[in-house]
Number of protein chains: 2
Amino acid sequence: MNASESITRPSLHIELLGRLRDLIIEGVLPPGTKVPERELCERYGVSRTPMREALKVLAVDGLVWLEPNRGAWVSKITIKDLEEVFPVMGALEALSGELACEHITDDQVNAIRKLHLEMIEHYKLRDLAKYFQANQAIHEAILEAANNSELTTMYRSLAARVRRTRYLANMTDERWEKAVEEHEQILSALENRHGAELAQILRQHLKSKFETVRNWLNSDQRVKQLTE
Amino acid sequence: MNASESITRPSLHIELLGRLRDLIIEGVLPPGTKVPERELCERYGVSRTPMREALKVLAVDGLVWLEPNRGAWVSKITIKDLEEVFPVMGALEALSGELACEHITDDQVNAIRKLHLEMIEHYKLRDLAKYFQANQAIHEAILEAANNSELTTMYRSLAARVRRTRYLANMTDERWEKAVEEHEQILSALENRHGAELAQILRQHLKSKFETVRNWLNSDQRVKQLTE
DNA sequence: ATATATAATTATGAATTCATAATTACGTCA
DNA sequence: TGACGTAATTATGAATTCATAATTATATAT
């Protein structure tokens with residue numbers, strides 16, 4: 001018997017996990033705020049049990065902070081946190097580049113090239129939101145090509161935490177241009193299956209991104225918003 | 001007011017998390033077995049609520065598998081899983097080497113040298129258990145010197161999963177000798193703060209380890225034990 | 001008015017309860 | 001005997017309840 005077709009309703013805490021993660025990543029629940037447990041339970045029509053199970057998982061993921069007997073709080077993002085997260089993300093991204101070059105098919109390269117060209121269009125039109133979307137899709141496609149689910153899980157978990165910094169608003173024209181140039185190199189390395197080179201570029205690419213985030217975090221109002 | 005001294009009792013699910021993790025890593029609960037929820041609740045004198053919270057967290061960690069409406073099962077380890085885990089561990093270990101070389105103090109190097117010499121003694125006496133213990137302590141010390149809590153968390157989570165393969169029994173004399181040689185290089189690179197070199201050695205070191213594990217997994221009875 | 005002590009309220013952590021799904025035991029019939 | 005269907009049992013998922021910790025409101029004294 002093959003169990004792959006068996007009908008399984010996902011449990012409530014798994015469903016909630018997705019919703020809560022989105023609320024935090026999208027910034028609906030901003031860093032530093034208390035997670036309104038009762039309110040969320042009412043909103044999603046569930047009892048506290050699955051909600052609290054989901055919160056425990058999010059705590060391990062680093063998106064919320066559990067204060068014993070005082071409830072759950074949305075994690076703040078400090079510069080120190082990012083200084084720790086980025087090198088790890090860099091290592092994972094470099095690995096994803098290496099593995100992608102080993103496994104990637106021509107079809108997958110073509111798909112990425114298509115995304116790349118779309119991204120360039122968005123860049124030319126200075127459509128930051130769409131640029132960002134295409135950008136993210138490219139990195140996801142490389143991850144997909146790397147074909148390593150452990151890597152994917154870990155990378156996504158870190159990416160989610162960085163994403164909610166919404167650093168994009170702080171992207172300078174100069175930085176943007178550089179990012180696009182780096183993406184040309186990324187595509188080229190992928191096309192030629194130059195794993196080591198791609199790893200190196202992706203690391204550099206992420207380092208530049210970190211600088212953007214760092215600048216963003218250093219601007220006064222942002223520091224307030226995220227760390228108070 | 002400084003909250004650093006405030007008294008906080010850890011919640012039950014956190015306590016349980018540690019106990020359960022140990023039970024799985026130590027092999028008391030072998031891969032593929034059902035997690036005896038009721039039994040464990042009685043054993044630790046807790047209700048099902050915190051126990052189930054802990055299981056949800058372990059599921060995210062990859063140590064247990066939750067089958068909807070059928071309970072929790074200790075995750076099996078397949079060769080395919082390890083083929084995914086090892087490259088990721090390699091990348092993380094390489095990073096830990098790089099970062100350690102940037103930050104490590106002379107005291108820390110001395111401590112590692114001491115551990116290294118102890119390890120060599122255990123090797124000469126062919127005391128596998130003690131050798132393994134010292135070995136693990138060295139890798140932990142490098143991780144400590146890297147001074148990156150994100151990295152530490154991720155590395156430990158993967159290391160725990162690999163550790164429970166108990167591959168050591170399968171270590172050949174030849175392999176053991178090679179491992180010791182690699183450790184000489186590790187110490188030397190650390191002493192000289194050669195980050196890139198250390199990263200490279202650690203990656204190689206882990207790759208050899210993977211080969212040992214792979215051989216171990218390929219021996220018939222082990223495959224049965226872990227995957228049936 | 002401000003600080004402190006006490007009471008009322010609310011939120012949290014965890015046990016318990018309950019509905020339902022899954023499993024096992026039993027009985028029937030070929 | 002063994003395949004099938006049904007009943008009894010057990011386990012699971014989630015809601016509810018309950019004891020206690022934390023917070024807020026109120027009262028008292030300086």
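A note on names: the letters A, B, ... follow the listed sequences, proteins ahead of strands, and every chain is numbered from 1.
Between the side chain of B:T152 and the backbone N or O of B:N148 there is at least one donor-acceptor pair closer than 3.5 Å. With A:Q108 contributing its side chain and A:T105 its backbone, the two residues share a donor-acceptor pair below 3.5 Å.
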Readout for nucleotides 12-21 of chain C: B = base within 4.0 Å of protein heavy atom, S = sugar-phosphate only, - = neither; 5' to 3' it is BBBBBB---S
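A donor and an acceptor atom, one from each side chain of A:S208 and A:Q204, are located under 3.5 Å apart.
We find that B:E211 and B:R214 are joined by a salt bridge, their nearest charged nitrogen and carboxylate oxygen being less than 4.0 Å apart.
Within the structure, ring-ring contact (aromatic ring centres under 6.0 Å, His included) pairs that include any residue of residues 65-106 of chain B comprise B:F86-B:F210 (at least two apart or interchain).
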